[in-house]
**Q** 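This is the structure I want to talk about, given as structure tokens.
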Amino acid sequence: MPSQQKKIIFCTAGVLNFLCALGVVTAVGTPLWVKATILCKTGALLVNASGKELDKFMGEMQYGLFHGEGVRQCGLGARPFRFSCSCGCLVMILFASEVKIHHLSEKIANFKEGTYAYRTQNEKYTTSFWVVFICFFVHFLNGLLIRLAGFQFPFTKSKETETTNVASDLMY
């Protein structure tokens with residue numbers, strides 16, 4: 001591959017990596033990762049309401065890796081709350097599994113809630129989650145692009161040692 005093409009590929013990869021880094025930095029601090037709708041449970045039963053009455057018993061929240069905000073409702077009006085999350089890692093798979101498997105939205109909605117219990121009605125990943133996901137994907141594609149350009153990664157080279165003329169090297 002000509003030298004000019006390699007320069008263009010490396011420049012493109014560099015610009016994409018820089019844009020990805022900016023995107024990740026912007027997305028990490030925002031609470032726009034997961035948006036959930038929560039439904040109030042009174043005692044052991046779910047609220048038996050529909051239409052406008054049901055809206056009085058539903059709340060919503062959105063959260064990210066570090067903080068979030070929401071509104072709880074249980075027939076008593078809106079009660080806004082803010083909270084901090086303590087997710088220790090930025091690995092997308094672990095965050096997604098924490099949200100789904102360990103019911104993170106319900107744990108956050110029921111934190112310091114003594115009277116009522118909330119159940120997650122629905123949740124979806126929002127802007128920041130997908131920005132970071134796409135940035136990881138672009139980094140992977142950049143690695144492939146650079147490899148296709150003919151760059152040999154250091155960990156793929158095998159070390160070859162020359163063992164010939166050892167005796168003559170020692171003499172001089």
**Q** To check you understand the geometry: which heavy-atom pair defines the closest contact between Pro80 and Ala78, and what is its length?
**A** CD-O, 3.7 Å
**Q** Rounded to the nearest 0.5 Å, how far does CD1 of Ile134 lie from CH2 of Trp130?
**A** 8.0 Å
**Q** When rounded to the nearest 0.5 angstrom, what distance separates OG in Ser105 from NZ in Lys100?
**A** 7.5 Å
**Q** For Gly68 and Pro31, work out which heavy atoms get closest and say how close.
**A** CA-CB, 4.0 Å
**Q** To the closest 0.5 Å, what do you measure between CZ (Arg82) and CE (Met61)?
**A** 15.0 Å
**Q** Once rounded to the nearest 0.5 Å, what's the spacing between atom CZ of Arg72 and atom CZ of Phe111?
**A** 9.0 Å
**Q** Below 4.5 Å, heavy atoms only, C-beta onward: do Tyr125 and Val99 meet side chain to side chain?
**A** yes
**Q** Do you know the tightest heavy-atom contact between Ala27 and Trp33?
**A** O-NE1, 3.0 Å
**Q** Would you check if Cys20 and Phe136 make a side-chain contact, meaning some heavy-atom pair closer than 4.5 Å?
**A** no
**Q** If you apply the rule side-chain hydrogen bond (donor to acceptor under 3.5 Å, both in side chains), what do you find for Thr37 with Glu60, and how did you get there?
**A** CA-CA 4 Å; Thr37 303; Glu60 63 180 33; 5.4 Å; no
**Q** Is there a path of hydrophobic side-chain contacts, each under 4.5 Å between heavy atoms of I, L, V, M, F, W or Y residues, that connects Phe133 with Leu104?
**A** yes
**Q** For Gly59, is there any backbone N or O sitting under 3.5 Å from a side-chain donor or acceptor partner on Gln73?
**A** no
**Q** Following the transitive rule for hydrophobic clusters with a side-chain heavy-atom cut-off under 4.5 Å over Ile, Leu, Val, Met, Phe, Trp and Tyr, establish whether Val24 and Phe129 coincide in one cluster.
**A** yes
**Q** For Glu106, which residues count as a salt bridge (charged side-chain N to carboxylate O under 4.0 Å, His left out) partner, sequence neighbours excluded?
**A** none
**Q** I'd like to know if the side chain of Thr126 and the backbone of Leu32 have a donor-acceptor N/O pair within less than 3.5 Å.
**A** yes
**Q** Rounded to the nearest 0.5 Å, what separates atom CD1 in Ile38 from atom CG in Asn110?
**A** 7.5 Å
**Q** Is there a side-chain contact between Ile108 and Tyr63, using heavy atoms and a 4.5 Å cut-off?
**A** yes
**Q** At what distance, to the nearest 0.5 angstrom, does NZ of Lys124 lie from NZ of Lys35?
**A** 6.0 Å
